[in-house]
Q: 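Structure provided below as structure tokens; questions to follow.
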Amino acid sequence: MADTDLDILVSRVIDGRAGSSDWSALEARASADAGVWKELALAQRDHAVLTAAVRRETAKAEAVRLPRVATPAAAEIPPTFAFPKTVSVAARARSVGTWAGWAAAAAMALAFVGRGTVPMLGGSEGVRAGLTSQIESAADLFNRYLDTGKKAGTVVGETPDRKVIDVVPAADGHGYDIFYLRGVVEKQRVDNLYRFTTDETGQQAPVQLVPEQTPRKFRKPAV
Amino acid sequence: MQHQGVEDLAGPDQRGGLSDAAAAELAAADAARARADRIAEAAVCGDAHALNELWNSNRRWVAAILLAHKPRWADVEDLLQEVAMSMVRKVGEVRDPKAVRPWLRTVAINVAHAAARSGKRRESDERMGGAEGTEDAFEGRGRDHEAAPESLAEYEQGRLLMQLAEQLPDGYREPLLLKAIHDLSYREIGEILDLPETTIETRIARGRRQLRELAAAREREEEDRRLGLGSAGRV
């Protein structure tokens, strides 16, 4: 049966809010029913366990930052993707991972990019045909780099995924600026492969790999 | 039997005197609230730094509100990002800066309910869902784990209590989960939920009682199952 008085007394003890009158009341209840102490102990145990679980879950909040706001003050902040040189590669990857969560919210805005294609912003046919154009967009130049690289065999292609690293409300109030990473897979032929190992004196020494020992770690990406 | 009535126990304020700890808590809360009001006002007026500060000082309890309302499979981090996005876009529409906290709670509840309606299952389904994923989830606590080191049994017990808390009425579940974040006082919880402090105290007390009863019932079921008794096996 619910006993609100006792519940409140127990709750105050758990939360460290019990004053002397509360303790007196609790002791009076316990002198008549020793089970009160057991109730207190169980309630304290539940509270400790629940608190640990809630704190563990809500700790995730510390990783969630606001999208940057475009104000004069915010404009002075360096771009998110200009990582400090002291940050490790792993830390960079974690940072990108954190922002990658914005992908869901930014999915619609990113839809224009399409999968594996680059928007043609004018003059692209002329460029592809090898014609010179006085005004070339960045997209045209990027496409030309991809095409030329593929012909030369130095570019395999562009990776299909984009990693969203920042979303900023546009300064003019219309829409959002989305910052994202694009990846290009390049290829280069070398005569030999070496792996660095540590010899018995603790020095780094290159060891040449023979072809049959060379695992095919990298597959040609689907582009 | 010496017995104080509910009226006497309704709250420290109504007992006519405060313990030293309660008085100190009130004084600290007053100062914190005045500062929070100034930050909220600046944020509503478009100050980016204040907006960031507002988010940083409130995101933890917003996560607790999401926990109280989200479908089990939804990931708190994903939902928080949606709340953050809404906050940036709409905080300027809040008329009374002192009402920012209740407004933020409403945003969080709406986001959680929208996730429930969407019915989309996400990766977190496997992470927090069935019991078979418990050990992986335990191992994967990583940087999120701030509390004292737990055993797998304690971790599992915490997960179970969180699931049982889902069965509590909204009015009890929210204050109980908010109180589990140590740095929130009854008064602050009352401000978030727009309820008197005494009501918060009563709801937390009753919520704890109900959670204990649910846990006890669950323990009895487990015991019956171990002994091979069906539901009719217990007299």
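First the proteins, then the strands, lettered A, B, ... as listed; each starts at 1. Remember, it's a predicted structure, so these values are computed and weren't measured experimentally.
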Q: Roughly how far, to the nearest 0.5 Å, is the CG atom of A:Leu50 from the CZ atom of B:Arg159?
A: 14.0 Å
Q: Between B:Ile181 and A:Val54, is the side chain to side chain contact (heavy atoms under 4.5 Å, CB included) condition met? List the steps.
A: CA-CA 7 Å; B:Ile181 304 172; A:Val54 170; 4.2 Å; yes
Q: Begin with the C-alpha distance, continue with both residues' side-chain angles, and end with the deciding distance and a verdict on side chain to side chain contact (heavy atoms under 4.5 Å, CB included) for B:Arg212 and A:Leu42.
A: CA-CA 8 Å; B:Arg212 172 95 289 276; A:Leu42 289 174; 3.6 Å; yes
Q: Using every non-hydrogen atom in the two residues, find where A:Val64 and B:Trp55 come nearest and quote the distance to one decimal.
A: O-NE1, 2.8 Å
Q: Enter the distance from B:Leu80:CG to A:Arg65:CZ here, rounded to the nearest 0.5 Å.
A: 14.0 Å
Q: With only heavy atoms counted, which part of B:Ile204 is less than 4.5 Å from chain A, the side chain, the backbone, both or neither?
A: both
Q: Does B:Arg60 reach the main-chain N or O of A:Arg55 with its side chain, forming a donor-acceptor pair under 3.5 Å?
A: yes
Q: Closest heavy-atom contact between B:Glu77 and A:Ala63?
A: OE2-CB, 4.0 Å
Q: Is it the case that atom CH2 in A:Trp37 sees more than 12 heavy atoms from other parts of the structure closer than 6.0 Å?
A: yes
Q: Sequence neighbours left out, what passes salt bridge (charged side-chain N to carboxylate O under 4.0 Å, His left out) with A:Asp172? Give chain and number order.
A: none
Q: Of all of B:Ala215, B:Ala63, B:Ala165, which one pairs up most often with chain A through heavy atoms under 4.5 Å apart?
A: B:Ala63
Q: Specify the closest pair of heavy atoms between B:Leu161 and A:Asp46, including all atoms of both residues, with the distance to one decimal.
A: CD1-O, 3.5 Å
Q: Working to the nearest 0.5 angstrom, can you tell me the gap between B:Glu201 CD and A:Arg12 CZ?
A: 4.0 Å
Q: Just how far is it from atom CZ of A:Arg56 to atom OH of B:Tyr155, taken to the nearest 0.5 Å?
A: 5.0 Å
Q: Taking the side chain from B:Arg206 and the backbone from A:Asp7, do they hold a donor-acceptor pair closer than 3.5 Å?
A: no
Q: Using 0.5 Å steps for rounding, measure from the CD1 atom of B:Ile200 to the OG atom of A:Ser11.
A: 11.5 Å
Q: How many angstroms lie between atom CD of A:Glu57 and atom CG of B:Leu177, to the nearest 0.5 angstrom?
A: 10.5 Å
Q: Taking B:Arg89, B:Met87, B:Gln210 one by one, which has the highest count of heavy-atom pairs under 4.5 Å against chain A?
A: B:Arg89
Q: Is any side-chain heavy atom of A:Leu6 closer than 4.5 Å to a side-chain heavy atom of B:Arg209?
A: yes
Q: With a 4.5 angstrom heavy-atom cut-off, is it the side chain or the backbone of B:Arg208 that approaches chain A, or both, or neither?
A: side chain
